[in-house]
Structures are given as C-alpha cells and as structure tokens.
Amino acid sequence: MTDRAPQPVDRQLPTEESRDLLALVREIAQREIRPKAAEEEDSGRFPREVFTLLSEAGLLGLPYPGEFGGGEQPYEVYLQVLEELAAARLTVGLGVSVHSLACHGLAGYGTKEQQSAHLPAMLGGGLLGAYCLSEPAAGSDAASLTTKAVRDGDDWIITGTKAWITHGGVADFYTVLARTGAEGPKGITAFLVPGDIEGLTAAVPEKKMGMKGSPTAQLHFDGVRVPDARRIGEEGQGFSIALAALDAGRLGIAACAIGVAQAALDEALTYALDRKQFGHPIADFQGLRFMLADMATKIEAGRALYLAAARLRDAGKPFSRQAAMAKLFCTDAAMAVTTDAVQVLGGYGYTADFPVERLMREAKVLQIVEGTNQIQRMVIARHLAGPETR
C-alpha cells in the first residue's frame with residue numbers, strides 16, 4: 001500500500017478547547033465507530049452503545065447551555081464534530097444531529113422549570129431523542145399534519161400516526177408536533193413525549209436503501225395522555241418552533257453530507273494512489289486526477305458554506321437562507337462525490353468489499369431528509385423574490 005494516504009481534515013477551529021474536542025471525536029470514531037460500520041450496517045444493527053458512549057463523553061449536547069449539561073460549543077464546532085462522526089458512520093452522525101434536533105424545542109422554548117426537569121438527562125444523561133413532524137400524508141407539506149392533541153383537564157390526549165421517524169421505537173423521548181387547533185400552521189403545538197408512555201407503539205422499521213443500522217419507523221399514538229407540563233411553548237406555537245429547529249437541523253444534515261463525501265474522497269484517493277494499471281498508479285492519469293480535484297473542490301466549497309451559515313447563527317444573525325443553501329449544496333455534492341468515488345474504484349467500487357457503494361447509498365437520503373432539496377430551492381427563492389403570488 002502507498003504511504004500517501006489522505007490526512008485528517010485541516011480544520012480552522014476557534015479555540016484550543018475545540019481542537020482538543022475534535023481530536024477526541026476522531027479518536028472515538030477511529031476506535032469505536034469506523035471498524036464496525038460496514039458489518040453493522042449490513043446486518044442492520046443499531047449501535048445504541050455508541051450513543052451511550054457519546055453521551056458519557058459530553059458529545060450529545062454540544063450546542064446547548066452548560067447549566068443543563070450541554071457543552072456550550074458554537075455551532076461551527078458542533079457541526080464539525082457531526083462531520084467527523086458521519087465520515088465514520090452516517091448512522092451515528094445523523095443520529096446525533098436528530099437527537100440535537102429533538103432537544104431544540106425544549107432548549108429554546110421551554111420554561112426554566114421544564115428545562116431544569118428534563119434537559120440534563122436529555123443532553124448528558126444517556127437518553128436518546130427523536131423528532132416527530134412528518135406523517136404518511138404530510139411530508140413536504142408539514143403544516144397539513146393531522147395527528148391531534150385534545151385537551152382533557154390538565155392533560156392532552158394525542159392520537160394519530162407519525163412517519164419516517166429516525167430512532168422510531170428506540171428513542172427515550174420524542175418531540176411531537178400535533179394539531180390542537182384549526183387547520184394550517186397556527187393550529188399546531190409541540191409536546192415532549194416519553195418513549196415508554198402508554199399508547200405509543202412503533203411499527204416495523206422501514207427497509208431502506210442505506211442507513212440500515214438506523215431505525216426509521218412509523219409511530220402510532222393511540223390516546224397517549226401527556227400532561228400539560230410537557231407542552232413546549234404556547235398553544236399554536238408549534239409550527240414556528242418546528243421551523244426554527246429545522247433551520248438548525250439543516251446545517252446538521254449539511255455537515256453530515258460533507259462527512260460522507262470526505263470519507264468517499266479519502267477512499268478513492270487511497271485506492272487511486274495504490275492501484276496500478278499500464279505500469280503506473282491510476283492517480284497519474286489526468287482524467288482521474290481531474291475527477292479527484294473536482295471531488296475535493298466540492299467538499300471544500302460545501303464545508304465553507306455550512307460553516308459560514310453556522311457562524312451567522314453563532315452571531316445571532318438570520319441564517320435560514322444560508323442553511324437552506326448549505327443543505328442543498330452539501331447534499332448534492334455528497335451525491336456527486338460518492339458517485340465519482342464508485343467510478344474511481346471501477347468494478348471494486350460496485351462491491352460491498354469497499355465502502356464507497358455504501359457511502360453512495362447513504363448520500364442519497366441526505367437529499368431527502370429534513371426538507372427535500374426541491375423544498376430548499378423554494379426556501380431560497382422565497383428569500384430572494386418573496387412568496388409565490390399564485
């Protein structure tokens with residue numbers, strides 16, 4: 001094998017603490033995540049013990065306040081942690097992003113009493129969360145959701161079905177958006193629902209193209225009784241809470257996409273430097289060198305885009321348009337880079353003996369989750385030209 005294997009990403013980090021944090025993440029990824037990724041994805045095994053380890057290491061609550069057990073890290077650091085985790089295994093990187101998404105509502109809109117009661121366990125107590133917005137008939141049009149929450153004294157009774165729930169059936173808590181009022185976005189309220197509550201059941205997980213180790217399932221709410229003390233924000237505020245969470249979550253998806261793309265480039269480069277044809281490493285041939293150059297350029301551009309959006313968020317400035325751009329560009333880049341990585345490896349790239357075929361399958365879902373890339377284009381266009389007039 002060549003000794004010119006790819007080096008770790010040269011990251012621009014704001015503090016020595018953040019540099020130490022990324023070093024810790026790389027060590028965990030190399031020791032605990034990457035070696036088992038291919039086998040466990042192939043068998044569909046969910047690595048719950050890895051999330052327990054990440055919680056113990058303080059990596060499940062990085063962007064949240066220290067007073068509740070969070071890591072108080074800026075988003076530009078948190079997202080680079082996600083990128084490293086996703087490069088090792090997307091099931092883990094995306095899982096951490098989804099967990100952070102599930103914590104967003106309570107951290108941003110909950111009362112101090114709610115935050116003190118629940119956030120420490122959610123951020124660093126070994127719990128794992130999930131986010132329940134989509135439904136079988138309400139995907140991109142999330143405001144048309146029909147899961148209902150009806151007031152009953154000091155409780156709410158939730159009835160309905162949620163779909164495409166990452167960690168569905170294995171999560172310890174769910175942030176659930178349900179209809180408490182009239183049709184449309186103003187009739188939706190958010191709730192924090194325990195995973196083991198009576199009346200909540202999960203369907204058999206979906207059989208997916210990729211990310212087979214990450215359970216994605218429908219959740220059925222059959223008269224689930226939740227106390228009003230678990231309502232997040234005001235009645236009717238749920239949809240705005242959901243949109244705020246999705247802005248941040250899209251940056252998580254962008255970072256995960258660049259992690260997957262970086263892993264694919266690393267595999268392709270190592271192979272191209274080692275594989276010889278016509279007496280030379282195939283990396284010597286100009287056509288292939290140009291492919292590698294284009295792959296690396298897409299990755300650098302995507303990383304710069306998601307970090308620029310993250311820094312806006314950290315500065316308290318609007319970042320919704322930039323988050324949509326980052327999600328759109330980074331996930332499209334991941335699909336292109338992983339496809340090219342398979343091409344670089346040729347026939348070997350199409351086999352499960354090398355990880356690039358898995359990375360290609362995993363990249364596809366990132367163009368779909370947390371708002372399809374067609375929806376991202378709509379969001380960007382609305383920022384540019386205003387709402388549609390039709």
Side-chain angles (χ1 to χ4, degrees), residues 9 63 75-76 78-83 85-87 90 93-94 96-98 100-101 104 131 133-134 138-143 164 166 208-211 216 239 242-265 294-315 317-341 359-388:
V9 175
Y75 243 64
E76 72 166 302
Y78 159 67
L79 293 178
Q80 293 186 78
V81 168
L82 286 186
E83 184 189 328
L85 293 173
L90 184 58
L94 186 68
V96 173
S97 181
V98 167
S100 182
L101 183 70
H104 186 277
Y131 187 75
L133 177 61
S134 295
S140 295
D141 184 15
W164 309 112
T166 300
K208 307 192 298 291
M209 177 191 296
M211 287 192 68
T216 303
F239 198 67
L243 292 183
L246 287 175
D247 278 343
R250 284 165 182 163
L251 291 182
I253 300 302
C256 286
I258 294 302
V260 170
Q262 184 69 57
L265 174 61
D294 287 346
M295 293 160 73
T297 300
K298 289 183 177 74
I299 291 169
E300 289 286 350
R303 184 177 290 125
L305 189 56
Y306 86 63
L307 286 174
R311 289 169 184 138
L312 286 175
R313 186 187 189 280
D314 290 335
K317 297 179 179 180
F319 69 100
S320 177
R321 173 171 61 90
Q322 290 82 357
M325 288 177 169
K327 199 273 184 184
L328 168 64
F329 183 88
C330 292
T331 58
D332 280 354
M335 195 70 246
V337 168
T338 55
T339 301
D340 282 349
L359 295 171
M360 179 181 172
R361 289 185 285 106
E362 291 177 342
K364 184 61 209 176
V365 76
L366 299 176
Q367 295 178 302
I368 299 171
V369 296
E370 294 193 29
T372 67
N373 282 4
Q374 287 68 36
I375 291 294
Q376 304 314 312
R377 289 177 170 89
M378 291 174 62
V379 171
I380 295 163
R382 285 171 184 165
H383 279 278
L384 295 173
E388 297 89 339

- line: Looking only at heavy atoms, the pair that brings A257 and A334 closest together is O-CB, 3.4 Å
- prompt: For residues 247-263, which residue pairs qualify under salt bridge (Lys or Arg N to Asp or Glu O under 4.0 Å), counting only residues two or more places apart or in two chains?
  reply: D247-R250
query: Could you state the interatomic distance from CG (L305) to CG (L328), rounded to the nearest 0.5 Å?
result: 9.0 Å
query: To the nearest 0.5 Å, what is the distance between OH (Y75) and CZ (R311)?
result: 15.0 Å
field: Smallest separation among heavy atoms of A323 and L251, with atom names
entry: CA-CD2, 3.7 Å
statement: Shortest non-hydrogen pair, L101 vs L246, comes out as CD1-N, 4.1 Å
field: Nearest heavy-atom neighbours spanning L312 and P318
entry: CD1-O, 3.8 Å
- prompt: Is the closest side-chain heavy-atom distance between V369 and W164 below 4.5 Å?
  reply: no
message: So which atom in P63 and which in S100 form the shortest heavy-atom distance, rounded to 0.1 Å?
response: CG-OG, 3.8 Å
- line: Rounded to the nearest 0.5 Å, the CD1 atom of I368 sits from the CD1 atom of I253 at a distance of 11.5 Å
Side chain proximity check, S140 to T372, heavy atoms < 4.5 angstrom: yes
message: So does I299 get a backbone contact from the side chain of Q262, meaning a donor-acceptor N/O pair under 3.5 Å?
response: no
- prompt: Is there a donor-acceptor contact under 3.5 Å linking the side chains of Y306 and Q322?
  reply: no
- prompt: Would a 4.5 Å heavy-atom cut-off, applied to side chains only, mark L366 and K327 as touching?
  reply: no
field: Side-chain touch V365/M209, heavy atoms, less than 4.5 angstrom
entry: no
- request: Provide the closest heavy-atom pair for A264 versus T338 in the form atom of the first, atom of the second, distance.
  value: CB-CG2, 3.8 Å
field: Note, M211 side chain near L94 side chain (heavy atom, < 4.5 Å)
entry: yes
message: How long is the straight-line distance from CD of E362 back to CE of M360, given to the nearest 0.5 Å?
response: 12.5 Å
- prompt: Any side-chain heavy atom of E83 sitting closer than 4.5 Å to one from R303?
  reply: yes
Stepwise side chain to side chain contact (heavy atoms under 4.5 Å, CB included) test for R361 and K208: CA-CA 10 Å; R361 289 185 285 106; K208 307 192 298 291; over 6 Å; no
message: Once rounded to the nearest 0.5 Å, what's the spacing between atom CE of M295 and atom OG1 of T297?
response: 11.0 Å
message: Within the 4.5 Å heavy-atom criterion, are E76 and R313 side-chain neighbours or not?
response: no
Contact check, side chains of K364 and M335, non-hydrogen atoms, under 4.5 Å: yes
query: Atom CD in E370, atom OG in S134: separation rounded to 0.5 Å?
result: 9.5 Å
message: Is there a side chain to side chain contact (heavy atoms under 4.5 Å, CB included) between N373 and T331? Walk through the geometry before answering.
response: CA-CA 8 Å; N373 282 4; T331 58; 2.8 Å; yes
